[in-house]
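Below is one structure; the comments refer to it alone.
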Amino acid sequence: MIVGIIGSGGREHAICYKIKKSTLTTKIFCIPGNAGTSNIAENVNIKVNDFKSIKNFCLNNKIELLIVGPEQPLVDGIVDYFDNTNIKIFGPNKLSSKLEGSKIFTKKICDKYNIPTAKFKIFKNINESKKFLNEAQFPLVVKADGLAAGKGVYICKNYSDGITAAEEIFGGKFGNAENLLVEEFLLGEEMSYFVICDGKNYKFIGSAQDHKRVGEGDTGKNTGGMGCYSPSRLLSPELSEKINKKIVEPTLKAIKDLGNRYIGFLYVGLMIKDKNPFLVEFNVRMGDPECQTILPLLENDLTKLFLNCCLGKLKEEEVKLNNKRSICIVLCSKGYPDKYDQNILIDGLSNLNLKENEYIFHAGTKLENDQILSNGGRVLNFVSLSDDLKTSREELINLIARLNWGNGFFRKDIGYKVID
Ligand code: AMP
Ligand code: GLY
């Protein structure tokens with residue numbers, strides 16, 4: 001089977017790696033891919049928002065299964081764009097993708113289906129927002145409605161923070177804003193919970209705790225994710241049951257009630273408070289770096305799993321996760337998440353001898369004249385599986401030290417809540 005993957009991050013390299021192991025896979029195209037995917041797939045230089053060229057390429061190259069990695073093409077409706085073809089496409093359609101694309105869409109579902117989440121109010125203009133903030137109790141969370149690439153969420157300690165957030169959002173910092181969301185601040189510990197869905201059934205496919213802040217001890221600016229470990233220390237069968245019954249199942253029912261089927265990964269971002277789950281956000285894709293952390297634990301044939309989801313046959317699959325623990329450290333370009341240099345040579349990757357259960361997944365890299373150059377803020381993902389996260393973390397730190405990439409930095413404390 002000829003498989004296509006859309007995206008160019010660490011998530012997509014990890015998916016490529018697993019797809020390649022399947023006996024069903026005969027060839028992989030990665031659109032557009034990175035230096036890592038070019039070793040196992042043929043990279044195709046088409047932009048992820050150019051649906052027309054992607055469709056033509058898939059048809060001309062007989063791609064039978066297409067996997068969509070990132071959220072933007074999903075929210076923009078790439079799945080619907082393939083409706084009149086025979087190509088099986090793994091990912092939710094445009095309406096279902098509003099679970100990530102519109103926080104207000106999701107909050108309204110939470111309201112209607114009694115899904116536990118932070119209390120919220122919606123405002124349509126700056127004056128209404130100011131009036132509310134003037135009388136409100138802080139801390140509060142102010143959010144832009146649409147996709148904002150991990151930004152657009154302000155934790156506000158006081159009125160002045162709230163006003164700044166409202167002015168920036170209505171000022172268009174995250175695109176044209178018709179609405180703003182003000183939420184109760186939830187105190188607890190975060191956890192990411194993943195399920196895979198076939199339009200009828202869903203199955204658990206891992207949990208993780210991500211470190212989103214750039215600095216050690218979870219300080220500084222928000223990033224796409226500096227590293228994570230899996231499974232989350234918070235997960236228990238009782239908590240899983242609550243998440244499934246109170247959050248996942250009512251959400252999938254809501255999508256069904258809207259006349260849709262949810263196919264794809266559903267990333268459930270949670271705050272756990274006194275052993276109870278509260279929904280913080282949904283993402284309609286796998287997390288990055290959670291995907292790189294979880295997929296090496298997965299024992300299933302991933303091509304078959306994706307295919308069965310597209311065919312509504314997930315029931316036939318038992319999703320099997322290895323008992324080991326996994327940790328991922330992200331090596332970033334100095335300056336990230338602000339300004340950083342690009343096109344910096346990464347030398348010596350091929351000299352790093354990886355042990356069994358160690359992986360390097362590329363993110364912001366590209367291949368030019370046989371050389372690997374940096375091409376983004378998050379550059380490489382170092383992953384290790386073992387029974388002991390502390391030893392794994394030390395080995396990854398040694399591996400990064402051996403690479404000795406002058407333009408890189410990383411957090412040495414990934415997983416500190418379980419390790420230290
Ligand atoms: P989101 O993009 O909605 O996931 O928000 C980004 C981050 O902001 C989350 O991962 C949380 O750390 C934090 N956050 C969002 N909403 C809340 C909330 N209601 N209470 C506390 N923290 C929140
Ligand atoms: N690591 C967070 C995300 O993928 O949204």
Side-chain angles (χ1 to χ4, degrees), residues 7 9-12 14-15 69-72 74-75 97 99-107 110 115-121 136-157 161-162 165 169 174 180-194 206-214 218-230 232 265-273 276-295 328-330 332 336-337 361 363 377-378 381 383 411 414 417:
R11 172 181 46 215
E12 288 74 25
I15 292 174
E71 65 277 15
Q72 190 74 56
L74 291 167
V75 170
S97 299
L99 287 174
E100 177 165 359
S102 166
K103 293 186 191 293
I104 292 175
F105 174 82
T106 299
K107 282 293 194 188
C110 290
I115 295 170
T117 185
K119 293 194 196 78
F120 69 100
K121 280 191 185 309
Q137 299 268 6
F138 289 85
L140 279 176
V141 186
V142 176
K143 296 183 177 182
D145 182 33
L147 281 188
K151 301 182 183 95
V153 174
Y154 297 76
I155 311 285
C156 302
K157 292 195 204 70
D161 289 352
I169 291 170
F174 310 100
L180 165 147
L181 200 73
V182 179
E183 267 185 31
E184 164 199 15
F185 177 78
L186 294 172
L187 200 60
E189 191 170 329
E190 283 184 80
M191 175 175 125
S192 306
Y193 187 87
F194 300 90
S207 68
Q209 177 163 24
D210 178 19
H211 293 274
K212 286 203 179 97
R213 303 293 197 93
V214 70
D218 294 328
T219 54
K221 288 199 170 163
N222 244 340
T223 70
M226 299 294 293
C228 67
Y229 75 91
S230 170
S232 158
F265 288 116
L266 181 64
Y267 168 150
V268 189
L270 298 160
M271 193 68 83
I272 311 298
K273 197 174 154 187
N276 284 311
F278 291 83
L279 178 70
V280 175
E281 62 163 351
F282 281 125
N283 295 310
V284 295
R285 52 174 172 82
M286 218 20 204
D288 182 335
E290 292 88 335
C291 188
Q292 299 87 296
T293 317
I294 291 173
L295 283 191
C328 170
I329 301 179
V330 183
C332 301
Y336 174 77
F361 295 118
R378 295 191 291 166
N381 302 272
V383 180
R411 272 182 65 170
I414 299 303
K417 285 184 184 160

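Position 1 is the first residue of the sequence, and the numbers go up from there. As the structure lists them, so they are numbered: ligands from 1, and atoms in each ligand from 1.
Looking at Gly224 next to ligand 2, an N or O pair under 3.5 Å apart turns up. Residue Asn222 has no N or O atom closer than 3.5 Å to an N or O atom of ligand 1. Backbone and side-chain nitrogen or oxygen atoms of Glu281 are examined, and none is located within less than 3.5 angstrom of a nitrogen or oxygen of ligand 2. Residue Leu186 has at least one N or O atom closer than 3.5 Å to an N or O atom of ligand 1. Inclusion of Asp288 in the set of residues having an N or O under 3.5 Å from an N or O of ligand 2 is warranted.
Residues Asp210 and Gly227 come closest through the heavy atom pair OD1-O, 3.3 Å. Across all non-hydrogen atoms, the minimal contact from Ile414 to Cys228 is CG2-N, 3.5 Å.
Panel note: side chain Arg378, backbone Gly224; a donor-acceptor pair is recorded below 3.5 Å. Here the side chain of Arg213 pairs a donor or acceptor atom with the backbone of Gly220 at under 3.5 angstrom. Judged purely by atom type and a 3.5 angstrom limit, Ser207 has no side-chain atom pairing as donor or acceptor with the backbone of Ser192. When atom types are taken as modelled, the side chain of Asp145 and the backbone of Lys103 share a donor-acceptor pair closer than 3.5 angstrom.
Contact analysis leaves Ser192 out of contact with ligand 2, as no non-hydrogen atom separation drops below 4.0 angstrom. For Arg285, the closest heavy-atom approach to ligand 2 falls below 4.0 Å.
Distances below 4.0 Å separate heavy atoms of Val280 from the following atoms of ligand 1: 4 (O), 15 (C), 16 (N). Here is the list of ligand 2 atoms found below 4.0 Å of a heavy atom in Asp210: 1 (N), 2 (C). Less than 4.0 angstrom separates some heavy atom of Lys212 from each of these atoms of ligand 1: 10 (O). Close approach of ligand 1 to Lys143 is summarised as follows: ligand atoms under 4.0 Å from at least one heavy atom of the residue are 3 (O), 15 (C), 16 (N). If you number the atoms of ligand 1 from 1 as listed, the ones under 4.0 Å from a heavy atom of Lys103 come out as 1 (P), 2 (O), 3 (O). With ligand atoms numbered from 1 in the order given, ligand 2 contributes 5 (O) to contacts under 4.0 Å with heavy atoms of Asn283. Close approach to Met271 involves these atoms of ligand 1, each under 4.0 Å from a residue heavy atom: 21 (C), 22 (N). Numbered from 1 in the order shown, with element, the atoms of ligand 1 that lie under 4.0 Å from a heavy atom of Glu190 read 9 (C), 10 (O), 11 (C), 12 (O). Atoms of ligand 2 lying under 4.0 Å from at least one heavy atom of Glu290, given by number and element, are 1 (N), 2 (C), 4 (O). Close contacts between ligand 1 and Phe185 involve ligand atoms 20 (N), 21 (C) [criterion: under 4.0 Å to a heavy atom]. Within ligand 1, counting atoms from 1 as listed, the ones closer than 4.0 Å to a heavy atom of Ala118 are 19 (N). The distance from ligand 2 to the heavy atoms of Pro289 drops below 4.0 Å at these ligand atoms: 1 (N). For ligand 2, the atoms sitting less than 4.0 Å from at least one non-hydrogen atom of Gly287 are 4 (O), numbered in the order shown with element in parentheses.
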Quiz item: Can you check side-chain contact (heavy atoms from CB on, under 4.5 Å) on Val141 and Tyr154, steps first, answer last?
Solution: CA-CA 6 Å; Val141 186; Tyr154 297 76; over 6 Å; no
Self-check item: Check against side-chain contact (heavy atoms from CB on, under 4.5 Å), Phe120 and Glu183
Solution: CA-CA 4 Å; Phe120 69 100; Glu183 267 185 31; 4.0 Å; yes
Exercise. Give the C-alpha distance, both sets of side-chain angles, the deciding distance and a yes or no for side-chain contact (heavy atoms from CB on, under 4.5 Å) between Phe138 and Asp161.
Key: CA-CA 10 Å; Phe138 289 85; Asp161 289 352; 6.0 Å; no
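Residue Glu290 is tested with Tyr267, Tyr193, Tyr229 for a side-chain hydrogen bond (donor to acceptor under 3.5 Å, both in side chains); the sole match is Tyr267.
Between Leu279 and Cys110 the shortest side-chain heavy-atom distance falls below 4.5 Å.
The local environment of NZ in Lys417 is crowded, with over 12 non-hydrogen atoms from other residues, nucleotides or ligands closer than 6.0 Å. Other residues, nucleotides and ligands contribute more than 12 heavy atoms inside 6.0 Å of the NZ atom of Lys273.
Contacts between Ile155 and ligand 1 below 4.0 angstrom, taking non-hydrogen atoms only, involve the side chain exclusively.
Selection from Leu187, Val153, Thr117 by nearest heavy atom to atom 8 (O) of ligand 1 gives Val153.
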